[in-house]
Amino acid sequence: GALPNRPSSSVSCSSEAPPLSGKGAACAHPVAICCEARARGASRGAETSAQSKKAAAAAAGEEDDMEFANAIVSDKVLDFEMGRVQDAVKALERQGQMVPPAYATRLQALEFRKEMLSIQVDCGVLSIEGYVQQLRAAIPKEKARSKALKEVAGAARQALDAFKRAQMMQLEIDELLKNQ
């Protein structure tokens with residue numbers, strides 16, 4: 001399926017646990033609970049234009065790997081970003097260059113986020129409807145990020161990447177809705 005799947009032996013889910021936010025069965029895994037709380041917090045409030053531009057300028061520079069990964073709500077975007085990091089590592093290795101530790105850190109953050117999405121799906125915390133809703137909410141944010149990054153000197157690549165992520169999420173929504 002389009003939603004992330006994991007082997008059932010890797011996480012313990014309990015239908016006897018009290019539901020989180022009144023939404024279905026809760027996961028006994030504490031990280032999923034933390035992740036859902038973070039997702040609720042991230043959805044609160046709207047950024048002003050000035051805040052958005054400031055965030056874009058910061059994003060054009062060094063971006064915290066966990067913040068970057070946690071902002072991704074799409075399984076396909078996570079796969080894309082992990083592939084980009086893995087391709088960059090392979091290219092450096094082919095050239096006989098040393099691979100900076102930052103690549104491993106970014107890859108670990110993306111893998112962790114993918115695992116969190118899988119746990120949420122496995123435990124019933126995240127339904128297909130909820131997943132599509134997250135994607136729909138993320139698309140305009142990613143497009144706004146792309147637009148803001150276009151105005152930052154030297155951030156054209158990041159602007160294009162943000163736009164590509166928005167396109168991937170739209171394609172993912174279309175695919176999910178077609179398969180229902």
Side-chain angles (χ1 to χ4, degrees), residues 1-5 35-36 38-92 94-95 99-100 102-118 120-121 126-180:
L3 288 179
N5 292 320
C35 198
E36 184 192 21
R38 183 180 307 210
R40 279 195 312 264
S43 67
R44 290 189 193 121
E47 283 189 334
T48 66
S49 178
Q51 288 172 321
S52 180
K53 287 181 182 176
K54 185 178 178 183
E62 284 298 308
E63 187 171 24
D64 178 76
D65 292 322
M66 283 307 294
E67 286 179 22
F68 174 76
N70 285 332
I72 299 174
V73 297
S74 165
D75 189 54
K76 296 219 184 282
V77 171
L78 284 166
D79 287 340
F80 171 75
E81 293 294 342
M82 288 189 309
R84 283 176 26 143
V85 173
Q86 291 164 343
D87 290 347
V89 167
K90 288 176 189 171
L92 288 171
R94 275 194 305 273
Q95 296 169 2
V99 178
Y103 285 100
T105 305
R106 171 69 53 114
L107 188 57
Q108 286 175 335
L110 292 165
E111 289 170 343
F112 180 77
R113 177 65 177 137
K114 187 168 176 76
E115 182 76 7
M116 295 315 311
L117 272 177
S118 295
Q120 288 177 323
V121 169
L126 184 61
S127 66
I128 289 179
E129 294 80 15
Y131 184 69
V132 169
Q133 185 178 5
Q134 283 184 355
L135 293 173
R136 283 189 175 138
I139 290 170
K141 290 178 185 174
E142 205 63 26
K143 285 182 178 178
R145 182 174 187 226
S146 175
K147 186 176 179 178
L149 283 166
K150 280 183 190 177
E151 298 175 19
V152 176
R157 173 65 192 246
Q158 290 102 326
L160 181 60
D161 289 345
F163 186 74
K164 284 181 186 176
R165 288 190 293 270
Q167 287 181 318
M168 280 185 255
M169 288 185 279
Q170 185 58 57
L171 289 172
E172 192 171 4
I173 289 172
D174 296 344
E175 182 181 300
L176 284 167
L177 296 179
K178 184 178 78 174
N179 292 332
Q180 277 189 336

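Keep in mind that this is a model prediction, so the values were computed, not measured.
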Check [X] against [Y] and note the closest heavy-atom contact, atom names and distance.
| X | Y | answer |
| --- | --- | --- |
| Ser146 | Ala159 | OG-O, 2.8 Å |
| Ala109 | Ala69 | O-CB, 3.3 Å |
| Ser74 | Met169 | CB-CG, 3.6 Å |
| Tyr131 | Val73 | CE1-O, 3.2 Å |
| Val77 | Met168 | CG2-CB, 4.0 Å |

More than 12 non-hydrogen atoms from neighbouring residues, nucleotides or ligands closer than 6.0 Å to CZ on Phe80, yes or no?
yes

Identify, with sequence neighbours excluded, every residue that meets side chain to side chain donor-acceptor pair (under 3.5 Å) alongside [X].
| X | answer |
| --- | --- |
| Asp161 | Arg84, Arg157 |
| Arg136 | none |
| Gln170 | Asp174 |

Contact between [X] and [Y] at the side-chain level, heavy atoms closer than 4.5 Å - yes or no?
| X | Y | result |
| --- | --- | --- |
| Asn70 | Met116 | no |
| Phe68 | Glu81 | yes |
| Pro100 | Leu92 | yes |
| Met66 | Phe112 | yes |

Any chance you could measure [X], atom [atom1], to [Y], atom [atom2], to the nearest 0.5 Å?
| X | Y | atom1 | atom2 | value |
| --- | --- | --- | --- | --- |
| Arg165 | Leu78 | CZ | CG | 10.5 Å |
| Asp87 | Met82 | CG | CE | 12.0 Å |
| Leu135 | Ile173 | CG | CD1 | 5.0 Å |
| Leu110 | Asp79 | CG | CG | 10.0 Å |

Any ion pair linking Lys114 and Glu111 (charged N to carboxylate O, less than 4.0 Å)?
no

Is Lys76 salt-bridged to Glu172, cutoff N-O under 4.0 Å?
no

Go through Leu126 and Gln134 one step at a time and tell me if the side chain to side chain contact (heavy atoms under 4.5 Å, CB included) criterion holds.
CA-CA 10 Å; Leu126 184 61; Gln134 283 184 355; 3.8 Å; yes

Arg145 vs Glu142, salt bridge (Lys or Arg N to Asp or Glu O under 4.0 Å): CA-CA, chis, key distance, verdict
CA-CA 5 Å; Arg145 182 174 187 226; Glu142 205 63 26; 3.6 Å; yes

So does Ile72 get a backbone contact from the side chain of Arg113, meaning a donor-acceptor N/O pair under 3.5 Å?
yes

